[in-house]
Amino acid sequence: MAKLNLDLTKEIELLRLVTVGSVDDGKSTLIGRLLVDTKGAFEDQLLAVRKKKGETKIASASEIDLAMLTDGLSAEREQGITIDVAYRYFATPKRKFIMADCPGHEQYTRNMVTGASTANAAIILIDARNGVMPQTKRHTHILGLLGIPHLIVGINKMDLVDHDQAVFEKIRDDIKAYCAKQGVKDLTCIPMSALDGDMVAVRGDNMDWYEGQTLLETLEDLSVLDAVDEQPFRLPVQLINRPQTADLPDYRGFMGTIASGTVKVGDEVMAAPSGKSSTVKEIVTFDGNLDEAFAPQSITITLSDEIDISRGDMLVHTGKATSDGKELTANVCWIGDDPLTNRKKYMIKHTTSSVKAMVASIDFRRDIHTLDREDADELAMNEIGQITFKLQKPLHYDLYADNRVTGSFIVIDTFTNNTVGAGMIV
Amino acid sequence: MSKHKMTQLKALEAESIHIIREVVAEFRNPVMLYSVGKDSSVLLHLARKAFYPAPLPFSLLHVDTGFKFKEMYEFRDNFCKEIGVDLIVKKNEDAMKKGMNPKEFGVARCCGALKTQGLLDALEEGGYDAAFGGARRDEERSRAKERVFSMRDEFGQWDPKNQRPELWSIYNGRIHEGESVRVFPISNWTEMDIWSYIREEEIPIVPLYFAKERPMIERGEMLIPYYEENKDQLLEGEEPKMVMSRFRTLGCSPCTGAVRSSASNMDEIVIEAAAAKRSERETRIIDHGANTMEDKKKEGYF
């Protein structure tokens, strides 16, 4: 039995990933390769999707119908399409990965935005034979909009271009030039062959000219938290804890997940929207009180003074307030069946707060092919534009570029109750 | 660089607590489904953490098929009493009176009546608008696409092609009268995470998870636990024998297989889980055959 240092399992960090690209770029093969090479898929799951029935052992990833492994729904298998974002899990001794696998064809915007919203890093695949395609640019643009900290471009199918260094370098320079314009902060380009496994989990023998890390090494070394704990403290209040038991008759705790920053006992905090201040008395958890807590911990805070706070309010450090207002401008990705139209009323859910909102103006729509701004009187499904909403009551927010939690919201159709839009405050 | 480090189990824990609290904030009458298994044990532990120092603001609901292992009933009753939670036990009495069992009626029909119908009836009777469950996305491929907030229509049915997108950690809890949601706070946990967390947090679990010499029937590759009082489970030519074994997953006794193992403590179980080549669902008879997990889920199965 393999030796496992149990104390090391405690040190493993979490990295949330999104993979985008189409089947043609070899995405299913790459995911299958990662799952097989990191043992993220079990033998019985692999045997169920083997190409040749009757085999009882799987010798290599090429024997598996990898798309079958990832296409979970019967309708998908029947129609040979991928309908929805699927989540995959794999781990190395250093990290656990949650990978949102987004279909590349139909409704890619909707699926990509969903899958990428929680990601710390994105993998975009490019077919080395084709180079940077319009689709690559669209994907990069959306990932830039969503503020994904790390972008990894896998230049795949190197086996089909004789593992030629010049091909890799040309594509790398093209994508670098494009990303510079999109405000991408951290870009890594890796030549690979997902089919043969070269530069995915192992280096292989075919691309000795490449001196960088393999995909898996890159994923293991990316910084995870991106200093979210160094931003201003934000605690959107989820619930008020009032046990009203014999031991705790007057206890009032404010429960929530820290969106950003750190908080210490004794800190002076202010509640938005009331503006009332108090000091942090205790930071309470089931495992004992803490002196200090940081994002994204889920905690309960008690204050020294009785001030009026309810769900939807936000605790911040005094003097480090959020922006607030009854008007909100945001990049909106529309994911509803019915288009967004001027003057239409919706519900906006922002952190733990829900407010009525009306479309005050459609500032522009982004042509997803040319990326130009264009005038529009509606946003249809999978379109992206800048929208200004008028709110029934003020929201307390940060810009999405500064804070992905307090800068984002969803738009809800009040008739169907469906989630129809994703907003990033600008 | 950030100065605070968070381990992946603590990150998963924080995410799950956030989800559990959101449900309590947005729903009128939530309930937590409790199956007595390891995933339920983790879910219950997370819920206690979420509301500490207050007691749980909802009840536990066990949909009992009457076929659970006796060790599970003992554990359930003792543990719930010890931690002071409100436990509701519901059964599909009609089907039980008719003598529903997997051997005569088939696994699919038995599950459909005792689990799915039992659950739907219990949810309707309780008037619950949200039910927490311990399903994980790594368990089975149709579950890989399930949302954390999974909408159910008035008939308790799931439509996998029409799921609400879930963005960031903002959950849309708005439903129409008669609709409900199933909420899966441990969606992002793997089997390995569950075992590691149980070990780290010292969460009590049913003793059947630990290896011991137990009477077993060997049927093909499966190890089926044998009980003296239930001799008719033996097929022709079968003999029970003592096998060092344990359970990776716990369901109904006629339909849950054990695995050969000598892992008798949490350290050994975590090491075994890390080395496992086969998925835990393999020991569940319900997952095999024409009636897939996706079919059962559409009908309202957990």
Side-chain angles (χ1 to χ4, degrees), chain A residues 1-2 4 6 9-14 42-45 72-75 83-89 91 96 98 110 113-114 117-118 223 225-230 238-239 241 243 248 251 255 257 262 284-286 294 296-298 311 335 349 352 404-405 408-410 412 417-419 422, chain B residues 1-9 11-15 17-18 21-22 24-25 48-55 137-138 141-145 160-161 163-170 172 174-176 187-188 190 192-193 196 199-200 267 270-272 274-279 282 292 294:
Chain A
M1 189 175 287
L4 179 78
L6 286 169
T9 61
K10 288 187 182 175
E11 301 300 316
I12 298 175
E13 289 178 308
L14 188 64
F42 290 108
E43 214 168 67
D44 53 311
Q45 293 169 333
L73 304 172
S74 58
I83 292 170
D84 215 330
V85 183
Y87 293 87
R88 315 279 161 209
Y89 304 86
K96 173 181 164 180
I98 300 178
R110 173 189 160 123
V113 170
T114 304
S117 64
T118 52
S223 91
L225 282 176
D226 294 294
V228 71
D229 56 340
E230 285 173 17
Q238 278 187 294
L239 281 166
N241 195 327
L248 301 162
Y251 184 97
M255 306 158 79
T257 303
T262 59
V284 181
T285 78
F286 182 89
F294 57 93
Q297 288 179 322
S298 286
R311 172 170 167 86
I335 53 185
K349 187 173 178 190
T352 56
R404 284 171 79 184
V405 180
S408 58
F409 60 85
I410 59 171
I412 298 168
N417 283 337
N418 280 334
T419 304
Chain B
M1 264 310 276
S2 114
K3 35 182 208 280
H4 298 98
K5 265 197 145 182
M6 199 168 192
T7 66
Q8 73 107 358
L9 283 178
L12 290 175
E13 177 190 80
E15 177 183 78
I17 290 175
H18 176 80
R21 289 171 168 180
E22 250 343 71
V24 168
R48 294 174 70 202
K49 285 196 167 192
F51 299 102
Y52 177 86
R137 287 180 181 143
D138 80 322
R141 60 182 174 181
S142 73
R143 283 193 166 157
K145 303 207 168 182
K161 282 189 276 185
Q163 302 195 78
R164 285 179 183 170
E166 275 176 354
L167 298 127
W168 298 289
S169 49
I170 314 175
N172 176 0
R174 291 173 67 91
I175 53 170
H176 294 293
S187 284
N188 284 328
T190 61
M192 182 64 187
D193 297 328
S196 304
R199 173 183 175 269
E200 214 166 288
D267 283 7
V270 171
I271 290 167
E272 194 177 279
K277 287 206 171 78
R278 299 198 156 227
S279 78
E282 202 186 37
T292 63
E294 184 185 342

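Because the structure is a prediction, the values reported are computed rather than measured. Residue numbers start from 1 in every chain, and the chains themselves are labelled A, B, ... in the order their sequence lines are given, proteins ahead of strands.
For the atom pair CD of Glu15(B) and OG1 of Thr118(A), the computed distance is 8.0 Å after rounding to the nearest 0.5 Å. Distance check, rounded to the nearest 0.5 Å: CD of Glu22(B) to OG1 of Thr352(A) gives 6.5 Å. Here the CG-CZ distance, from Asn241(A) to Phe51(B), works out to 8.5 Å after rounding to the nearest 0.5 Å.
If you measure heavy-atom distances from Lys96(A) to chain B, the contacts under 4.5 Å come from the side chain alone. Interface residue Leu239(A): only side-chain heavy atoms are found under 4.5 Å from chain B.
For the residue pair Glu13(A) and Gln8(B), the shortest heavy atom distance occurs at C-CB, 3.5 Å. Contact detail for Thr257(A) and His18(B): the closest heavy-atom pair is OG1-ND1, 2.9 Å. Scanning all heavy atoms of the two residues, the minimum distance from Thr419(A) to Asn172(B) falls at OG1-ND2, 2.9 Å. Shown here for Tyr89(A) and Ser187(B), the closest heavy-atom pair between the two residues is OH-O, 3.4 Å. Here the shortest heavy-atom pairing between Gln297(A) and Ala14(B) reads CA-CB, 4.2 Å. Closest non-hydrogen pair, Asn418(A) versus Arg164(B), comes out as OD1-NE, 3.6 Å.
Among Glu13(B), Glu166(B), Arg21(B), the residue with the largest count of heavy-atom pairs under 4.5 Å with chain A is Arg21(B).
Taking 4.5 Å as the limit, every side-chain heavy atom of Arg137(B) sits out of range of all side-chain heavy atoms of Ile98(A). No side-chain heavy atom of Leu167(B) sits under 4.5 Å from any side-chain heavy atom of Ser408(A).
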**Report entry** Chi angles and distances behind the side-chain contact (heavy atoms from CB on, under 4.5 Å) call for Trp168(B), Val405(A)
**Finding:** CA-CA 7 Å; Trp168(B) 298 289; Val405(A) 180; over 6 Å; no
